[in-house]
Number of protein chains: 2
Amino acid sequence: MSKIQQRNRPPTMHDVARLAGVSQPTVSRVLNGNNTQVPISDDTRLKVQQAVDALGYRPNAVARSLRTQRTQTVALMLADISNSFYHPIARAVQDVARQYDYEVLISNSDHIYEYEKHFCEIVLRRGVDGAILVPIHLTTKELDAYALQAHIPFVVLGHHVDHPNMDVVFLDDERATYETTQWLITERGHYRLGYIGVPAVLPPGPRRLRGFNRAMAEANLEVHPDHILQGDFTLEGGKRVAQAMVQRGNLPTALMVANDLMAIGAILAFRDAGLRVPEDIAIVGFDNIPEATIVRPTLTTIAQNPHEMGERLACALFERIENPDITERRVFGTPYELIKRESA
Amino acid sequence: MSKIQQRNRPPTMHDVARLAGVSQPTVSRVLNGNNTQVPISDDTRLKVQQAVDALGYRPNAVARSLRTQRTQTVALMLADISNSFYHPIARAVQDVARQYDYEVLISNSDHIYEYEKHFCEIVLRRGVDGAILVPIHLTTKELDAYALQAHIPFVVLGHHVDHPNMDVVFLDDERATYETTQWLITERGHYRLGYIGVPAVLPPGPRRLRGFNRAMAEANLEVHPDHILQGDFTLEGGKRVAQAMVQRGNLPTALMVANDLMAIGAILAFRDAGLRVPEDIAIVGFDNIPEATIVRPTLTTIAQNPHEMGERLACALFERIENPDITERRVFGTPYELIKRESA
DNA sequence: CGAATACATGAATTCGTTTTCTGAACAAAA
DNA sequence: TTTTGTTCAGAAAACGAATTCATGTATTCG
């Protein structure tokens with residue numbers, strides 16, 4: 001009644017064991033080194049190795065995971081991997097993961113609440129060993145609840161520091177915008193400043209605007225209502241807003257734009273309208289995407305170094321995975337840097 | 001001897017069953033709809049549902065995978081997710097995967113042979129349900145061997161069409177380069193053309209150069225040795241090569257560049273050197289990355305629509321996953337499009 | 001020489017599901 | 001009343017590894 005190659009499923013440890021003339025646990029022990037304290041004779045070790053090679057055996061990660069309760073997988077949720085801000089994060093996370101011999105499951109939330117929740121559900125069901133997320137809609141409470149249920153470390157990149165049970169890399173863009181606006185005022189001598197923001201429903205929107213307003217208020221400068229505008233995130237959006245400004249006249253002498261894509265759109269639109277940047281209007285972006293060095297004039301912008309953020313996120317995560325009883329919660333500020341180029 | 005909440009592990013089906021006063025398989029049947037032909041009474045169905053809700057039960061995907069031999073996961077290997085050509089592919093694959101309720105494991109090969117092999121090993125060990133790869137070094141033979149062992153569909157994006165057991169999306173960049181060179185010659189009247197290539201060790205290198213050479217030969221045009229140059233993939237590399245050309249003098253009137261990043265670098269360098277593009281030198285790139293619309297003059301380039309490729313790859317893969325006995329192998333050509341902008 | 005100690009291995013259990021395979025209860029047909 | 005179906009649900013066996021427990025040999029010690 002010997003089952004001869006039932007189907008042609010991949011070989012299992014039993015197959016290896018049978019060929020080597022040993023028992024299945026012995027094979028397991030040989031393959032996992034002697035992490036268990038049981039010694040193995042060189043003789044069997046050799047026989048097993050030969051059988052493994054002969055059959056081309058590969059351990060089944062699913063079975064192993066079921067038994068060990070570890071998947072050697074981390075999950076990463078970001079808004080959109082094809083966005084210049086996010087893919088360096090993904091890349092960095094993958095690089096760190098490779099060092100730890102982990103695989104990375106990546107999911108795009110597209111700023112959609114349901115997708116963010118869905119991601120957490122997946123994290124729970126699949127038993128990944130850790131998760132990195134860039135949540136927009138998930139509340140602190142929800143996140144915390146998921147992290148507690150999952151019994152695994154969560155690390156977030158975000159605008160809140162008050163997640164009770166997880167490390168966070170804190171995006172302090174309010175401060176960055178504040179200080180950069182100050183710089184435009186005190187170092188560059190601008191006093192009629194404008195601002196193009198992103199939709200207020202997303203955290204970066206109000207935060208960056210707040211930084212701008214605070215700097216203006218502290219300098220006792222008034223902001224003309226015409227000079228506070230809102231775009232979407234796109235280059236086209238930036239163009240449209242800028243064209244509308246030109247149409248209406250009454251331009252500011254400096255313009256803070258809440259992301260580079262719109263800033264570049266604005267530059268292109270202003271130049272097409274015959275204005276000189278930065279002489280007629282100075283422009284500062286936010287993000288320092290690669291395109292910023294390509295547009296002419298090159299874009300002065302606030303750089304956040306997403307690759308470094310990704311590294312921070314991943315390192316924090318793996319530290320916790322390796323050492324699950326780290327108790328104190330960590331908050332990493334994200335250093336920003338004003339990259340001074342030609343546009344301001 | 002009732003185990004009361006042993007640790008606080010997440011609840012299992014047994015826990016749900018106990019609470020609902022039914023057996024564990026019954027819970028399974030309720031949760032999986034009646035895909036099995038066993039009917040369930042509304043009464044038990046309700047009891048189970050309540051128990052599930054009360055415990056916040058979530059099925060354990062690992063255990064399910066072990067039993068069903070499916071992981072609801074596909075793996076994607078590309079060279080570098082933070083490269084403008086690749087991330088739209090990743091994005092497209094993820095989008096299609098979401099429709100099928102699959103997760104995506106993404107890995108960067110960085111054009112490194114060991115990483116490509118490692119990826120295939122991972123695919124085998126983790127029992128993913130399908131794999132999409134953009135191999136550079138893996139030979140047809142190796143790939144085919146892996147696919148056979150894995151018993152799952154492989155789909156590749158690449159320069160060969162001769163993979164016996166898998167669908168392939170074929171990058172016919174030789175033809176694209178050939179036809180575009182023809183266009184420069186016949187439509188634009190250039191006869192002194194140059195070429196900046198990528199390292200020949202990678203498949204696109206020789207293929208694209210071959211297309212260029214073929215078009216030149218067929219037009220009976222000679223290529224001056226000074227006009228065939230090689231860069232790396234980077235913007236800086238493009239700059240350097242262009243600067244060297246300027247230094248040496250004897251410029252061609254049109255320049256085919258094997259990727260956009262280098263083409264953009266070349267444009268920037270030529271303009272910095274006081275040359276007019278396209279009047280003094282016309283430039284055509286390859287890839288149509290977003291930056292191509294931002295540089296001035298905007299870049300004429302060969303567009304390959306990576307997002308669409310990603311969709312093709314993913315759709316082909318999922319068709320096979322859903323229908324494992326598709327026998328005929330499919331080859332999809334990738335349509336290319338010459339995006340005529342200002343630089344040529 | 002008997003007992004204690006390594007040393008090396010196999011048997012049995014477990015991880016949490018899905019999927020047979022059985023069987024009980026009850027209704028409808030003979 | 002007996003037979004034949006239906007309708008439901010539990011018992012048991014996978015899936016492929018890791019791990020605990022038990023056991024059988026050599027080896028060493030008193």
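Every chain is numbered from 1 and lettered A, B, ... according to where its sequence line falls, protein lines coming before strand lines.
Side chain of B:Tyr57, nearest nucleotide from D:dA9, D:dG10, C:dT17: C:dT17. Taking every side-chain heavy atom of B:Asn60 into account, C:dG16 is the closest of D:dG16, C:dG16, C:dT18. Among the nucleotides C:dG16, D:dA17, C:dT18, the one closest to the side chain of A:Gln69 is C:dG16.
Map B:Thr26 and B:Leu66 each onto its nearest nucleotide of DNA chain D; the residue landing nearer the 5' end is B:Thr26. Comparing B:Ala63 and B:Asp43 along DNA chain D, the residue whose closest nucleotide (by nearest heavy atom) sits nearer the 5' end is B:Asp43.
Rounded to a whole Å, the CG atom of B:Asp42 is 12 Å from the C1' atom of D:dT7. When the P atom of C:dG10 is taken as reference, atom CZ of A:Arg18 falls 14 Å away, rounded to whole Å. The distance between atom CD of B:Gln72 and atom P of C:dT18, rounded to the nearest whole Å, is 12 Å. What separates CE of A:Met13 from C1' of D:dT19 is a distance of 12 Å, to the nearest Å.
Contact check, A:Thr12 against D:dC15: no side-chain N or O comes under 4.0 Å of OP1 or OP2. The phosphate of D:dC8 has neither OP1 nor OP2 within less than 4.0 Å of any side-chain N or O from B:Arg45. Using a 4.0 Å cut-off, some side-chain N or O of A:Ser23 falls inside it from OP1 or OP2 of C:dG10. Residue B:Ser41 places at least one side-chain N or O closer than 4.0 Å to OP1 or OP2 of D:dA9.
At a cut-off of 3.5 angstrom, the base of D:dG10 holds at least one donor-acceptor pair with the side chain of B:Arg29. The base of D:dA17 is not paired with the side chain of A:Arg67 by any donor and acceptor separated by under 3.5 Å. Counting distance only, with no hydrogens placed and no angle test, the side-chain atoms of B:Arg64 and the base atoms of C:dT18 include no donor-acceptor pair under 3.5 Å. You'll find a donor-acceptor pair under 3.5 Å spanning the side chain of A:Gln24 and the base of D:dA18, going by distance alone.
Nucleic acid contact class of A:Ser28 (heavy atoms, under 4.0 Å, all strands): base. Residue A:Ser65 is out of contact with every strand shown, counting any heavy-atom pair closer than 4.0 Å. Here A:Val27 lies out of heavy-atom contact (under 4.0 Å) with every strand. At the heavy-atom level, B:Val22 lies under 4.0 Å from the strands shown only through sugar-phosphate atoms. Counting non-hydrogen atoms under 4.0 angstrom, A:His14 reaches nothing in the nucleic acid.
Judged purely by distance below 3.5 Å, without hydrogens or angles, the side chains of B:Arg18 and B:Gln24 never pair a donor atom with an acceptor atom. Residues B:Tyr102 and B:Asp129 bring a donor and an acceptor atom of their side chains to less than 3.5 Å of each other.
Between atom CZ of residue A:Phe170 and atom CG of residue A:Leu157 there is a gap of 10.5 Å, rounded to the nearest 0.5 Å.
Looking at A:Asp144 and A:Lys141, no side-chain N of the basic residue comes within less than 4.0 Å of a carboxylate O on the acidic one, giving no salt bridge. Under a 4.0 Å N-O distance rule, the pair A:Arg330/A:Glu319 qualifies as a salt bridge.
The stretch residues 134-166 of chain A participates, sequence neighbours left out, in no ring pair (Phe, Tyr, Trp, His ring centres under 6.0 Å) pair at all.
Remark: B:Arg91 fails to qualify as a cation-pi partner of B:Tyr86 under the 6.0 Å distance and 45° angle criteria applied to the six-membered ring.
Judged by distance alone, the side chain of A:Gln72 and the main-chain N or O of A:Asp101 form a donor-acceptor pair under 3.5 Å.
Contacts of residues 124-131 of chain A with DNA chain C (heavy atom under 4.0 Å): none.
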